[in-house]
Amino acid sequence: MLPSYIQDSWWTPEDPQKVAEVHDASTGEPVCRISTDGLDTRAAVEHARSVGQAGLGELTIHQRALRLKHIAGYLDEHKEELYALSDRTGATRRDHLIDVDGGIGTLRVFSSKGRKELPNTNVIIDGDVEQLSRDGSFLGEHIYTRLTGAAVQINAFNFPVWGMLEKLGPSFIAGVPTIVKPASQTAYVTQACVRLMLESGLVPDGAIQLISGSARDLLDHLDHRDHVAFTGSAATAQMLRSHRNVQEGGVRFTAETDSLNAAILGPDAGPGTPEFDAFIKSVTLEMTAKAGQKCTAVRRTIVPSEHVDAVVEALRSRLESRVVLGDPRDEATTVGALASKDQQAEVGRAVQTLLSAGGTLCLGGPEGDVGTADAEAGAFFPPTVLSFDDARTPEVHAVEAFGPVTSVLGYADVDDAVELAALGGGSLVATVCTHDPETAAAFARGIGSHHGRVLFLDHDDAKTSTGHGSPLPHLVHGGPGRAGGGEELGGGLRAVKHYMQRTAVQGSPDLLTGVTGVWHRGARANTATPATVASGEAVHPFRKSLAELRIGDQFASGLRTVDLEDILAFAESTGDTFYAHTDEEAAMANPFFPRRVAHGYLLVSWAAGLFVEPAPGPVLANTGLENLSFQTPVTYDDSIRVTLTAKQIIPRETDDYGEVRWDTVLHNQHDEVVATYDVLTRVAKEKKPEWA
Ligand code: NDP
């Protein structure tokens with residue numbers, strides 16, 4: 001009996017009444033029995049909200065992200081075990097690369113992005129600060145904080161590892177404990193992956209629970225604190241979305257459902273072009289990877305009418321010459337079985353519906369040739385190509401045959417192709433194969449609004465493309481309409497924010513500094529000046545290691561006057577002799593300048609000279625400058641001064657230094673703001689004895 005992992009213990013039912021048998025997809029041999037009879041789902045949810053929240057909450061975003069990296073490493077070391085189990089689902093080694101390696105890779109990307117792009121705290125600021133009062137004493141901005149409930153995943157059978165990890169990565173970084181509910185058919189692979197993660201010792205108590213088997217009452221125990229990410233059929237999504245607790249109880253619900261994705265051959269990409277070859281390769285790959293059991297698979301192959309026959313022929317020829325159906329444990333096999341006999345029957349029924357609606361069978365079909373594969377025992381389905389005389393046949397845009405099946409449809413022109421693609425009612429992804437930028441732009445405008453992702457394929461990117469079917473953690477995965485209307489992956493760290501609430505916060509600079517851990521202009525500062533540093537009364541912030549530095553530590557320089565000679569010398573040495581710096585008459589004719597002005601970069605360079613503390617010390621490097629804006633021109637005989645304030649301190653988990661962001665403001669002698677920007681530095685965590 002496949003165990004569940006609930007309240008930090010493995011659990012199996014004592015005397016189950018309802019038990020499902022799970023079989024090897026290729027041989028039909030029993031793999032495991034599965035039952036959740038008597039499982040206390042409510043207790044699992046409560047455990048996540050209490051123990052799971054507490055355990056993850058003890059860590060910062062970076063600490064959790066770093067754990068993900070190590071969890072990914074542990075899974076990588078043990079992936080052969082996952083491969084061996086995945087074989088039993090009918091998946092080939094190539095398929096394992098998508099599911100197992102793809103899942104591990106996704107964790108790594110989230111780990112890296114989380115540590116690079118998010119702060120090492122538990123509050124994320126979103127966007128700029130708005131000044132809401134004239135004097136700057138009242139500000140507003142947006143922050144993200146984690147949800148206080150459970151991240152419930154309900155997953156499909158086709159990606160037992162990736163399906164879990166792509167959702168776990170973001171929720172774990174956000175700090176929200178996960179309850180995984182894999183599809184029963186392939187739950188034994190997910191269970192092994194969860195067991196490995198727990199074995200790694202890196203998962204805090206309550207952070208991951210697993211329900212191995214059905215969980216029909218799961219949503220009954222959820223409320224506005226919890227988030228459900230569902231992947232599976234549109235019908236189940238609809239049923240769950242209608243649940244009382246989603247409709248009235250505020251459960252956050254996203255769905256990624258089946259969609260009838262299109263691959264569109266551009267009018268310029270006919271037979272004989274490299275684009276045509278890339279297109280055929282892509283469609284056959286997308287039909288056969290995971291035996292077509294991919295939410296992103298190409299269901300509709302939309303091509304110029306005059307090329308329908310050539311496309312059908314090319315697909316047939318490539319599929320016939322390359323596909324060897326069989327048990328994935330046989331080396332010769334290139335395409336494995338569907339996940340179960342039920343799925344095989346389901347795909348057969350869908351193809352039959354398409355044929356009855358007017359489709360012509362060009363290859364394969366329910367009775368098609370499966371070669372030497374054991375058709376009796378295994379859930380094999382041959383690659384199947386249909387074509388339709390009427391490209392607007394409703395069924396072809398509505399019925400998803402969740403296997404290696406595609407329908408070829410002819411279009412008259414780009415507008416017609418766009419309309420055909422739109423008949424899918426919203427899709428996860430489309431490929432547009434063209435080498436013409438204008439055609440690409442026309443398709444982007446036409447199909448963008450009903451797609452989550454569009455891959456433009458031509459001979460330049462054919463070799464380097466990650467492919468139509470691969471959702472990437474960097475980009476949106478999800479789609480409007482029939483595709484579920486959600487973003488399972490939001491594109492980078494947006495996925496993390498799905499597990500957080502965005503809240504507007506208003507208050508004084510001091511209070512918002514306290515709330516966010518980021519210094520706001522106008523908040524209290526601990527100011528050092530050249531005089532107080534010289535007298536030993538104050539310490540220059542550049543002499544403080546991360547252990548000593550606090551946000552609000554500030555250095556305010558004295559004034560330095562800009563002479564005309566300085567401007568001309570800077571023009572001479574840099575070669576930037578733009579007229580505004582060198583030609584008095586032309587500068588005066590310019591609407592923005594009173595006369596010749598200092599280069600902005602001269603001012604920024606001088607500012608560095610005004611704030612720097614030159615001796616070796618904890619500041620290790622200046623890694624950049626962000627958000628530079630020049631606001632008031634500085635002409636000769638004006639003076640500038642700089643105020644530098646430690647704005648954000650991000651200690652690294654893996655190094656003996658961290659990042660410090662310094663708010664930087666240049667003023668002139670009239671206290672007008674000349675320029676603002678952030679200086680980025682790396683600062684040592686501890687002072688070395690020789691710097692002390
Ligand atoms: P389902 O929608 O039936 O199941 C998906 C998940 O939902 C499974 O984990 C299932 O669990 C669970 N589930 C079903 N009912 C409930 C409920 N009332 N409460 C809580 N959880 C529930 O999809 P299938 O896996 O059966 O696949 C059916 C079809 O869906 C496929 O043929 C294909 O067309 C499409 N599909 C689309 C995918 C996509 O990625 N977009 C992926 C997979 C399938 P359990 O297994 O225990 O019933």
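Every value quoted in this text rests on a predicted model; they were computed, and no experiment measured them. Atoms within each ligand, like the ligands themselves, are counted from 1 in listed order.
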Review point. Should the heavy atoms of other residues, nucleotides or ligands under 6.0 Å from CD of E376 be counted, would the total exceed 12?
Key: no
Exercise for review: For ligand 1, note which part of P182 has a heavy atom under 4.0 Å away: side chain, backbone, both or neither.
Suggested key: backbone
Study note, to complete from the structure: Ranked by distance from atom 23 (O) of ligand 1, the top protein heavy atom is S233 N, 3.7 Å
Review point. Taking atom 4 (O) of ligand 1 as the point of reference, which of T236, D342, L338, L240 owns the nearest heavy atom?
Key: T236
Review point. Where is the nearest protein heavy atom to atom 6 (C) of ligand 1: which residue, which atom, and how far?
Key: N155 O, 3.3 Å
Exercise for review: Starting from atom 16 (C) of ligand 1, find the nearest protein heavy-atom neighbour and note its residue, name and distance.
Suggested key: R216 NH1, 3.1 Å
Check your understanding: What protein heavy atom is closest to atom 26 (O) of ligand 1, reported as residue, atom name and distance in Å?
Key -> Q343 NE2, 4.5 Å
**Study point:** Per-atom contacts, ligand 1 versus A156 - under 4.0 Å to a heavy atom
**Key:** 42 (C), 43 (C)
Exercise for review: Classify the contact between T257 and ligand 1 as side chain, backbone, both or neither, using a heavy-atom distance cut-off of under 4.0 Å.
Suggested key: backbone
Check your understanding: Just wondering, are more than 12 heavy atoms of other shown residues or ligands nearer than 6.0 Å to CZ in R33?
Key -> no
Point to revise | Greater than 12 external heavy atoms within 6.0 Å of R392's CZ | key: yes
Check your understanding: Is the shortest N/O to N/O distance between Q185 and ligand 1 below 3.5 Å?
Key -> no
Review point. Can you find a pair of side-chain heavy atoms, one from Q247 and one from R244, that are under 4.5 Å apart?
Key: no
Review point. What protein heavy atom is closest to atom 11 (O) of ligand 1, reported as residue, atom name and distance in Å?
Key: K181 NZ, 2.9 Å
Review point. Mind checking whether F159 has a heavy atom under 4.0 Å from ligand 1?
Key: no
Practice item. Please determine if K294 and D258 form a salt bridge, counting it only when a charged side-chain N lies under 4.0 Å from a carboxylate O. Key: no
Practice item. Between A215 and ligand 1, find which residue part has any heavy-atom pair under 4.0 Å and reply side chain, backbone, both or neither. Key: backbone
**Study point:** Residue and atom name of the nearest protein heavy atom (relative to atom 25 (O) of ligand 1), distance in Å to one decimal
**Key:** F157 CD2, 3.1 Å
Point to revise | Within the 6.0 Å centroid threshold, strictly below: W162 and H477 | key: yes
Check your understanding: Parallel, tilted or perpendicular for H498 and H227, by the 30°/60° rule?
Key -> parallel
Check your understanding: What protein heavy atom sits nearest atom 38 (C) of ligand 1, and how far away is it?
Key -> F402 CZ, 3.7 Å
Check your understanding: Heavy atom under 4.0 Å from ligand 1: found in Q293's side chain, backbone, both, or neither?
Key -> neither
Check your understanding: Is there any N or O on T231 that sits under 3.5 Å from an N or O of ligand 1?
Key -> no
Check your understanding: What class does the angle between the rings of F230 and F253 fall in, given that below 30° is parallel, 30 to 60° is tilted and above 60° is perpendicular?
Key -> parallel
Revision key, fill the gap. Honestly, for D258 the part within reach of ligand 1 (heavy atoms, under 4.0 Å) is both
Revision key, fill the gap. Of all protein heavy atoms, the one nearest atom 12 (C) of ligand 1 is I154 CG2, 3.5 Å
